[in-house]
S.K.: 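The following block contains the structure, expressed as structure tokens.
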There are 2 protein chains.
Amino acid sequence: MKEIMDTKRINQYLSQFGLDDVIPKELRKHLALYRFEPDEALCLQGEVPQYIHFIVQGKVKVYTTSSEGRTLLINFTIPLGVIGEIECLSEKVNLNTVTAVFPVETIGVHKRWLTQYEDETSFLRFLLNLVSHKFYQKSKSLSSILLYPVEVRLASYLLSVSAEDEKGAELSSLNMTSLKDTANLIGTSYRHLNRVLQGFCSTGLVERSKGKLVVIDREGLTEVAGWNIYENGESKS
Amino acid sequence: MKEIMDTKRINQYLSQFGLDDVIPKELRKHLALYRFEPDEALCLQGEVPQYIHFIVQGKVKVYTTSSEGRTLLINFTIPLGVIGEIECLSEKVNLNTVTAVFPVETIGVHKRWLTQYEDETSFLRFLLNLVSHKFYQKSKSLSSILLYPVEVRLASYLLSVSAEDEKGAELSSLNMTSLKDTANLIGTSYRHLNRVLQGFCSTGLVERSKGKLVVIDREGLTEVAGWNIYENGESKS
DNA sequence: AATAAACGAGGACATATGTCCTATCAGGCT
DNA sequence: AGCCTGATAGGACATATGTCCTCGTTTATT
């Protein structure tokens, strides 16, 4: 995580995402711009949270590891998603690990300002609005992801980890983890993932090249997925 | 839903559950005690929410119906769980349908007081604490329920809809929906649910009697379930 | 009362999926 | 270079699970 000293950029982002009216004025001077490179962690499961991050560029992968060591993908978060607010507010350890898929920039605020401004109604209302809207959004999807067949899950995953504007782009190890771990993330076995992947290859959606995957037909994958089950449109509403 | 005029009872519950220090004093006079009979709905999915309910006695079933008509069980909520706060705060329609499994009593507050006290910091802090703790709790389980085999899901379900203090109690149609709908709730087919049920019967956990189920061995079911995946301990922490 | 619809129980069969294994390749270390 | 480890690709087989169906029972409707 690298802090970028650029107040002008922060204000641009605030304006771009309509956060001017949302983030209380008092909090403004405590905001900072942070950058994460692909595969870099924004936070680690089980650790004490430090920041609330507003994602303003890029994409992160949110996943959780159970006590039995089973890893499961929760979702991909894009701008204007928020990371870490629940744990900071609950004063509990991080629920998930969050890593960057692509270069990520966030507007971050350290949790100590939560206590500092706890008597500020505009601030409290801001937080309350933030959390309840996010909870509402997540509740709609979290419980049913595993009802979708593996084809849908894999197609959605591949769409998420591949760059939208690149056709025939090779998925690098920075954006996509190993196939074995990928199987775990979407909740299936490596063997079955390979079967489904073979199906995608035989229909020309994907190509295997030197042990790497190349996304050939994003539109075809989008059709298989229906819609991306791992990405809810993050919106302010 | 029947309102029970009994301020003394309300105060008893507030004291019993340690809500004295949690619920702001100003809100106290707006609290009411409500009672729901088994199978009665606390709220219906898609409707505009009216109340926030603190469950102080009994158990409710929370389930959602997708656009394709697929019904899925989210969880069972026991005291001191809360119902309806997210939707009231988000000013959106109810996410789920919530019905009573056993006789339920709640301390309810109408949503209009949310606006009335929106400048009250103690109230806002109360809400923020409530929502973020619940979100933290739910995030831990919601995404993985369907990873468990149907045996675990069914055992957990049966434990939830059967009375804890009754051995050999017949599950009535008030506590438990039809087998066909039960299959839907736990995310499997009626056929497979019957298979698993047959397994439970052959090992003496459950008996079929006149088209109804009788839970014979709660401890055995608890062993199958491991722990009840549909009930997280609701705690204030 | 008669009929229709819904529910419960289970057979037959197909499909989805996981476990275990083998073979090959790639990368890292000595 | 040789060896080891880990990742990839796929075969064989078993298990989990769903679809479709039949038959009997129960409940609701006419």
Side-chain angles (χ1 to χ4, degrees), chain A residues 39 66 68-73 144-155 157-158 161 170-203 205-215 224, chain B residues 39 66 68-73 144-158 161 170-203 205-215 224 229:
Chain A
D39 209 29
S66 68
E68 310 95 54
R70 179 124 204 174
T71 303
L72 188 65
L73 176 64
S144 56
I145 280 186
L146 294 172
L147 278 179
Y148 292 98
V150 175
E151 279 84 1
V152 172
R153 284 184 255 154
L154 182 57
Y157 175 83
L158 291 177
V161 296
E170 197 175 86
L171 295 178
S172 82
S173 60
L174 292 178
N175 312 127
M176 176 176 168
T177 191
S178 70
L179 290 184
K180 185 186 162 205
D181 289 339
T182 298
N184 258 322
L185 284 176
I186 65 175
T188 192
S189 65
Y190 168 69
R191 184 66 191 83
H192 196 51
L193 176 115
N194 240 317
R195 284 192 191 109
V196 177
L197 206 40
Q198 191 175 46
F200 285 177
C201 290
S202 67
T203 52
L205 301 175
V206 170
E207 266 178 23
R208 302 189 201 233
S209 171
K210 290 172 288 190
K212 295 204 187 268
L213 294 183
V214 184
V215 171
V224 172
Chain B
D39 210 29
S66 68
E68 311 94 55
R70 180 129 202 165
T71 303
L72 189 65
L73 176 64
S144 56
I145 280 187
L146 293 174
L147 280 179
Y148 292 98
V150 175
E151 279 82 2
V152 172
R153 284 183 254 155
L154 182 58
S156 297
Y157 175 84
L158 291 176
V161 296
E170 196 175 87
L171 295 177
S172 82
S173 59
L174 291 178
N175 312 126
M176 176 177 167
T177 190
S178 70
L179 289 183
K180 184 185 162 206
D181 290 340
T182 298
N184 257 323
L185 284 177
I186 66 176
T188 192
S189 64
Y190 169 70
R191 184 66 191 84
H192 195 53
L193 176 117
N194 240 318
R195 284 194 192 107
V196 177
L197 206 39
Q198 192 174 46
F200 285 177
C201 290
S202 67
T203 52
L205 301 175
V206 170
E207 265 177 23
R208 302 189 202 235
S209 170
K210 292 172 289 190
K212 295 203 186 268
L213 295 184
V214 185
V215 172
V224 172
I229 64 171

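What's counted below: heavy atoms across the whole structure, side chains too, no hydrogens, waters or symmetry copies.
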S.K.: Could you pull out all residues at least two apart from B:Ser178 that satisfy side chain to side chain donor-acceptor pair (under 3.5 Å)?
M.R.: B:Asp181

S.K.: State which residues pass side chain to side chain donor-acceptor pair (under 3.5 Å) with B:Ser189; sequence neighbours excluded, sorted by chain then number.
M.R.: none

S.K.: Tell me which donor-acceptor pairs under 3.5 Å the side chains of residues 191-199 of chain A have, and how far apart each pair is, sequence neighbours excluded?
M.R.:
residue	atom	partner	partner atom	Å
A:His192	ND1	A:Arg195	NH1	3.2
A:Asn194	OD1	A:Arg208	NH1	2.9
A:Asn194	OD1	A:Arg208	NH2	3.0
A:Asn194	ND2	A:Tyr190	OH	2.8

S.K.: Between D:dA9 atom C1' and A:Glu207 atom CD, what is the distance in whole Å?
M.R.: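 It is 17 Å, rounded to the nearest whole Å.
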
S.K.: Anything under 3.5 Å between a protein N or O and an N or O of nucleotides 15-18 of chain D, put it in a table, one pair a line.
M.R.:
residue	atom	partner	partner atom	Å
D:dT17	OP2	B:His192	NE2	2.9
D:dT17	O5'	B:His192	NE2	3.4
D:dG18	OP1	B:Thr188	OG1	3.4
D:dG18	OP2	B:Thr188	OG1	2.5
D:dG18	OP2	B:Ser189	N	3.1
D:dG18	OP2	B:Ser189	OG	2.9
D:dG18	N7	B:Arg195	NH1	3.4
D:dG18	O6	B:Arg195	NH2	2.3

S.K.: List every contact pair, protein side and nucleotides 24-29 of chain D side both N or O, where the distance is under 3.5 Å.
M.R.:
none

S.K.: Nearest 0.5 Å, please: how far is CD1 in B:Ile145 from CG in A:Leu146?
M.R.: 10.5 Å

S.K.: Could you tell me how far apart B:Asn194 (CG) and D:dC23 (C1') are, to the nearest whole angstrom?
M.R.: 14 Å

S.K.: Just by distance, do the side chain of A:Arg153 and the backbone of A:Tyr148 share a donor-acceptor pair under 3.5 Å?
M.R.: yes

S.K.: For C:dA9, does either OP1 or OP2 sit under 4.0 Å from a side-chain N or O belonging to B:Gln198?
M.R.: no

S.K.: Run the side chain to side chain contact (heavy atoms under 4.5 Å, CB included) test against B:Ser209 and tell me which residues pass, sequence neighbours left out.
M.R.: B:Glu170, B:Val214

S.K.: With heavy-atom distances below 4.5 Å as the criterion, would you say the side chains of B:Ser144 and A:Leu72 are in contact?
M.R.: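 A side-chain contact under 4.5 Å exists here.
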
S.K.: Rounding to an integer number of Å, can you tell me how far B:Lys180 NZ sits from D:dC21 C1'?
M.R.: 15 Å

S.K.: Calculate the interatomic distance between A:Phe200 atom CZ and D:dG10 atom P; express it in whole Å.
M.R.: 15 Å

S.K.: How about A:Thr177 and A:Lys180: do any of their side-chain heavy atoms sit closer than 4.5 Å?
M.R.: no

S.K.: When rounded to the nearest 0.5 angstrom, what is the spacing between CG in A:Leu179 and CG in A:Asn184?
M.R.: 12.0 Å

S.K.: Does A:Arg208 make a side-chain N or O approach to OP1 or OP2 of D:dG10 shorter than 4.0 Å?
M.R.: yes

S.K.: Return the minimal non-hydrogen interatomic distance between A:Thr182 and A:Met176, and the atom names on each side.
M.R.: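 It is OG1-CE, 3.7 Å.
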
S.K.: Within this structure, what is the CG-to-P distance between A:Leu197 and D:dG10, rounded to whole angstrom?
M.R.: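 Computing the A:Leu197:CG to D:dG10:P distance gives 9 Å.
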
S.K.: Please report the end-to-end axis angle for the helix from C:dA1-D:dT30 to C:dT30-D:dA1, five pairs per end, rounded to 10 degrees.
M.R.: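 Taking the rotation axis at each end, their angle is 30°.
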
S.K.: Flag the pair A:Leu213 / A:Leu158 as yes when at least one side-chain heavy-atom distance between them is below 4.5 Å, and no otherwise.
M.R.: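 Yes; the side chains approach each other to less than 4.5 Å.
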
S.K.: Can you check the A:Lys212 NZ to C:dA26 C1' distance for me, whole Å?
M.R.: 11 Å

S.K.: Please give, in whole Å, the distance from D:dT19 P to B:Asn184 CG?
M.R.: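 Distance check: B:Asn184 CG to D:dT19 P gives 10 Å.
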
